[in-house]
Amino acid sequence: MIGRYELLGALFPPLFFLFIVFPLVVLALNLTPQGLAQALGDPYFWSATFNTILCAVAAAVMGVVIAVGFGYYHLFKRDSVIYRVADFLNDLPIALPHTVAGLALLLAFGRRYFWWLGENGLAFTLVAVTLAMLFVSYPLAARAVQAGLEEVGRDLVEVARTLGDSPAQAYARVVIPALREALLGGFLLGFSRSLSEFAAVIMFGGNLPGRTQVLASYVFTRVEAGDLEAAVAASVFCMVLSLVMVALTRSLTGAGGLRRAQG
Amino acid sequence: MLKVENVHFSYGDRPVLRGVSLSVEPGEVRVIFGPNGSGKSTLLRVVAGILRPDRGRIVIDGEDVTDRPPEDRRVGYVPQRPTLFPHLTVRGNITYSLRNGRGDPDRLDELVKLLGLEEHLDRRPDELSGGYQSRVALARALFSDPRVLLLDEPLSDVDPAAKRDLVRRFREVLDRAGVPTLYVTHDPWEAECVGDSYTVLLGGRAVDVDTVDEAIERLKRGAGLGEGA
Ligand SMILES: Nc1ncnc2c1ncn2[C@@H]1O[C@H](COP(=O)(O)OP(=O)(O)O)[C@@H](O)[C@H]1O
Ligand SMILES: [Mg+2]
C-alpha cells in the first residue's frame, strides 16, 4: 500500500503522462502520409517555415543584444530606476496575455506614429512579426544573462578594474566572453520562445499567407479551413523543431543554467 | 607605502570595519589574521577601491586615493576565490594590464620563471590546479606594476604538500617586488614564512602584534570574549 507521504510522488507519472505526454503522442499518431504530402506541397507551408525561422533568429539576436545591455545595468547600475523597472518588467510577459502585447505593439508601431513608414506603419510586415517575437522572448534572454552573471560573479570585474579597466571595459573584455554560454543559452531560449509565439504575432504581424504567416498561424489557418491532416503534419513539424531546439539548448548550456534562467 | 587611516565601513547598517588603521612599508608583507567574517576581505576591497569607506582615508605613496576608482589606484589584487579570466590563456591573464598600458612585457619571463609557470603559458585556467591558479593570479597582479599588493588567502585552495614549496616561492617573489603587501591567511605556518609583520582584525578594529603566536593568542582571547568585545 502507498503511504500518505508517497502519494504525490506516486501520482506524478500518471498525471504527467496524461496531461503532458499523451497529447503529444496523439498528435504524432494522427500524422498521415496524405497530410504530410499536402503540407509539404503547399508553398505557404514553406513560406511560413521560412518566416518563422528568419524572424525567430532576428528576434533572438536582438533579444541577446538588449539583454547584454541589461546585464551591464545588473552589474553596475543596480540601484538605478531603469534597472529596477527593467528587472520588474522581465516577468511581465509571463502574466500579460499575448494578445494584449500584440495590441500594444500594434498601437505603438502602427499607423498612428509610424504612418511615414507605410500605410499601416510597421504592422503586418515581417518586421512586426520579429518585434512581436522579441517582445515575448527578450525576458528569457535577460534572465539567462542575469543567471550567467551570478555565476561569473563580480570578482572578475573587480580584478579587471584593479588592472586598469573602466567598468565598461571590464564588461566588454572579461564579462561578455565569460558569459558566452549564457548568451548562447539566451539566444536558444529566445529562439524557441519565438517559434511558439502566436497571439502577439497574429495581432501585430497579421496572418497573411506567403507574407507574414508563421508556422503557428499556418496551423491555425489550416484547422480553420477544416484541413486537419495538413494542420497535423505542420504541427508535427513544429513539434520536432521544438524538441530539437530544447535538446540543443540543454546539451549546449547544461540544463541547470536553463532552469535558473527560466525561474 | 600604504596607509589605512581610521577606516569605517558598513554593509547597509551592519558595521564591519570600525576605525581600522595600519601602515605597510615598501617591501613589507603584513599578514592579516582574523576570524571568519571579521572583515579581512572587506578591508582589502576597501584598499583596492572596490568598496568605498564610510569614513577614513586610504593613502598610497603619500597620495590620498580614497576617492579614486580601482582602475586609478594601481593596486594588485588577488581575491579570495581564484578568479582567472576563463577565456584567456595563462599568458593572456598575466599580461592583461598591457591593454591599459600597464606592465612591462620584458618582465614576463622573469615572473614566469620565478613562479614556475614556463610550461603553462598557453594553458587555460580550467586546466590548472588550485596552486597554479594562485601563481597565475599573483603573477597577473605583479605584472601590472602595482604600488600596493593585496592577497586574500591566496593559498587556501592549495593542498598542503604543494603549499610548502609555494609559500617559499611567494616569499621570494614578494621580496623582489618590494611593494607594500597585505596578506590574509589563517595558516600560522604560512604567516610565519611569508610575513614581516602581523595585524589582528577583531571586532572591526585592527591591532598590530609582534609575532604569530601573539596573534593566535589574541584571536583565542577574542573568541572567548565574543567578537564585539
Ligand atoms: N557583499 C556583502 N553584503 C553584505 N554583507 C557582507 C558582504 N560581504 C561580506 N559581508 C559580511 O561582512 C562581514 C565581513 O566579511 P568579510 O570581509 O568577507 O570577512 P572575512 O574575509 O574576514 O571572512 C561578514 O559578516 C559578511 O557576512
Ligand atoms: Mg575573506
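Remember, it's a predicted structure, so these values are computed and weren't measured experimentally. Below, chain A is the first sequence line, B the second, and so on; all start at residue 1. Just so you know, these numbers use all the heavy atoms, side chains as well, and skip hydrogens, waters and symmetry mates.
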Thinking salt bridges, do Asp145(B) and Arg74(B) make one under a 4.0 Å N-O criterion?
-> yes
Check ion pair Arg78(A)-Asp87(A) (N to O, under 4.0 angstrom) | no
Side chain, backbone, both or neither: which part of [X] has an atom under 4.5 Å from a heavy atom of chain A?
{"X": "Phe85(B)", "value": "both"}
{"X": "Arg140(B)", "value": "both"}
{"X": "Arg102(B)", "value": "side chain"}
{"X": "Leu84(B)", "value": "backbone"}

So with a 6.0 Å cut-off around OH of Tyr5(A), is the heavy-atom count from everything else above 12?
-> no
Count the heavy atoms of every other residue, nucleotide or ligand shown that sit under 6.0 Å from CD of Glu118(B), and state whether that count exceeds 12.
-> yes
Ranked by heavy-atom pairs below 4.5 Å to chain A, first place among Thr83(B), Val78(B), Val75(B) goes to Thr83(B)
Kindly state whether the ring of Phe204(A) and the ring of Phe135(A) have centres lying under 6.0 angstrom apart.
-> no
